[in-house]
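In what follows, chains carry the letters A, B, and so on, assigned in the order in which the sequence lines appear, proteins first and then strands, with residues in each chain numbered from 1. In what follows, every heavy atom counts, from backbone to side chain, and hydrogens, waters and symmetry copies are set aside.
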Number of protein chains: 2
Amino acid sequence: MKLGEGVEAAIHCAAMLAGVEGAATMPGAAMAEAFGLSPSYLLKHLNALTASGILESVPGPSGGFRLARPAERITLLDIVLAVEGREPAFRCGEIRQRGPARLDASAYVKPCGISVAMLKAERAYRAALAESRLSDIVADYMSDADPRSVAANCAFVERHQRPQKSSSTKQA
Amino acid sequence: MKLGEGVEAAIHCAAMLAGVEGAATMPGAAMAEAFGLSPSYLLKHLNALTASGILESVPGPSGGFRLARPAERITLLDIVLAVEGREPAFRCGEIRQRGPARLDASAYVKPCGISVAMLKAERAYRAALAESRLSDIVADYMSDADPRSVAANCAFVERHQRPQKSSSTKQA
DNA sequence: TTATCGTGGATAATTTTTATCCGCATTAGG
DNA sequence: CCTAATGCGGATAAAAATTATCCACGATAA
């Protein structure tokens, strides 16, 4: 059982985007630089977040990414599912009916008890992730982390965020 | 996030072994046949269960595998960890300190909040798995599943289990 | 003594993950 | 209008993990 590295990157990016002001955006290349990641591959994950409605993207110069909704309404589960896909980690292959002494299909209408138990545990996992809001992550970071780190991150965001032309959306 | 197919196989095998009487064993080849799996590869997973102390193995003709302790004291977590390894699914790569503006190491003594949140969810997952006992799985199967399936499985176990020479261990 | 079985290592096939690249559409700024 | 910066999507490749097979070996029941 393993989570791809993209999950870590995606969450860090989302947390960083939570720091950009108003409708401003931050280019994917800047975030790749901030975390020492390959820009082209990070874009793949950011695209996944965009496709899931977690991020918004703006093309063109001074384009980039921003959160599609307030950090209060983005959970770690949202991000994990966007990057890793919505399928459960445990996939029942119905090997119970793959043996040589196969019965009629009507003998297997009830779901496999093993699958039920595994999926139940996975619901607990997702429930816990759903309780972690991005805003909590950011708030804890701001209050708990080393002040130097916080300052450095804020400076980075300040330096790389791109204000947007006044569209109808809110402006900081 | 994906679990290997070996987990499903391992749990089904363990559940089947819960049905063998006393100190009797069941050969890996029989279980591979029962579930339509490649015998050589299934053996790998059964070995992992043996190495973790979940199964016992007996070499020689009329050898095979049996549970190393009562099914009441084997949980799904035991099996999942044995097959998938004990490492958490989320591994913090500390990408927060991999950017170009690295700070002193002392700025990163506190664990990354993202990692903390992810690991907390994983503890919930494992706790849920730890509450599923193999004996529960088997009991539910016996009472809920289609009687034809139960009968077929019992017959299979009956046919393939190998009684052991009277060692000091209990005998059915 | 022989045949059956688990053990462990080596190896290969397959799939997934990670990563790179290029052409395209969009758009801010001159 | 032109240019350059940026995201988007697809194709492709490199790397790693998973899945699968095989063989030589030790153990042991018959």
Closest to the 5' end of DNA chain C, once B:Thr50 and B:Gly60 are matched to their nearest nucleotides, is B:Gly60

Send over the distance from B:Arg162 CZ to D:dA27 C1', rounded to a whole Å. 15 Å

Length of the line joining B:Asn47:CG and D:dA20:C1', which is rounded to integer Å: 14 Å

Going by atom types alone, do B:Thr50 and B:Asn47 pair a side-chain donor with an acceptor below 3.5 Å? no

Measuring from B:Glu56:CD to B:Gln164:CD, what's the distance to the nearest 0.5 Å? 10.0 Å

Please collect all side-chain hydrogen bond (donor to acceptor under 3.5 Å, both in side chains) contacts where either partner lies in residues 130-147 of chain A, sequence neighbours excluded, each pair once. A:Tyr141-A:Ser149, A:Tyr141-A:Asn153, A:Asp146-A:Arg148

Only pairs under 3.5 Å count here: list side-chain donor-acceptor contacts from residues 114-122 of chain B, not counting sequence neighbours, and write none if there are none.
| residue | atom | partner | partner atom | Å |
| --- | --- | --- | --- | --- |
| B:Glu122 | OE1 | B:Ala89 | N | 3.2 |
| B:Glu122 | OE1 | B:Phe90 | N | 3.3 |
| B:Glu122 | OE2 | B:Ala89 | N | 2.3 |

Rounded to the Å, how far apart are A:Arg66 CZ and D:dG7 C1'? 13 Å

Closest contact, heavy atoms only, A:Val83 versus A:Ala10: CG2-CB, 3.6 Å

For DNA chain C, determine which residues of residues 2-17 of chain A have any heavy atom closer than 4.0 angstrom to one of its atoms, and list them numerically. A:Gly4, A:Glu5

Could you pull out every donor-acceptor pair under 3.5 Å between side chains of residues 27-36 of chain B and any protein atom, sequence neighbours left out?
none

On DNA chain D, does the nearest nucleotide to B:Ser62 precede the nearest nucleotide to A:Phe65 from the 5' side, or the other way round? Give the residue. A:Phe65

Examine distances only and state if a side-chain atom of B:Arg162 and a backbone atom of B:Thr25 form a donor-acceptor pair shorter than 3.5 Å. no

Can you establish whether the number of heavy atoms outside A:Arg159 located under 6.0 Å from its atom CZ is more than 12? yes

Nearest heavy-atom contact between A:Arg69 and A:Gly53 is NH1-O, 3.2 Å

Any B:Asp78 side-chain heavy atom under 4.5 Å of B:Arg73 side chain: no

Between which nucleotides of DNA chain C, read 5' to 3', does contact with chain A run, using atoms under 4.0 Å from its heavy atoms? C:dT18 to C:dA28

Want to settle it: does A:Val58 or A:Lys44 sit nearer the 5' end of DNA chain D, counting the closest nucleotide to each? A:Val58

Atom CG of B:Leu43 and atom C1' of D:dC22 are separated, to the nearest Å, by 12 Å

Looking at B:Ile74, B:Ile11, B:Leu55, B:Leu17, which one forms a side-chain contact (heavy atoms from CB on, under 4.5 Å) with B:Leu49? B:Leu55

Just to be sure I understand the geometry, which residues of residues 26-41 of chain B put a non-hydrogen atom under 4.0 Å away from DNA chain D? B:Ser38, B:Ser40, B:Tyr41

Would you kindly give the CG-to-P distance between B:Leu46 and D:dA20, to the nearest whole Å? 14 Å

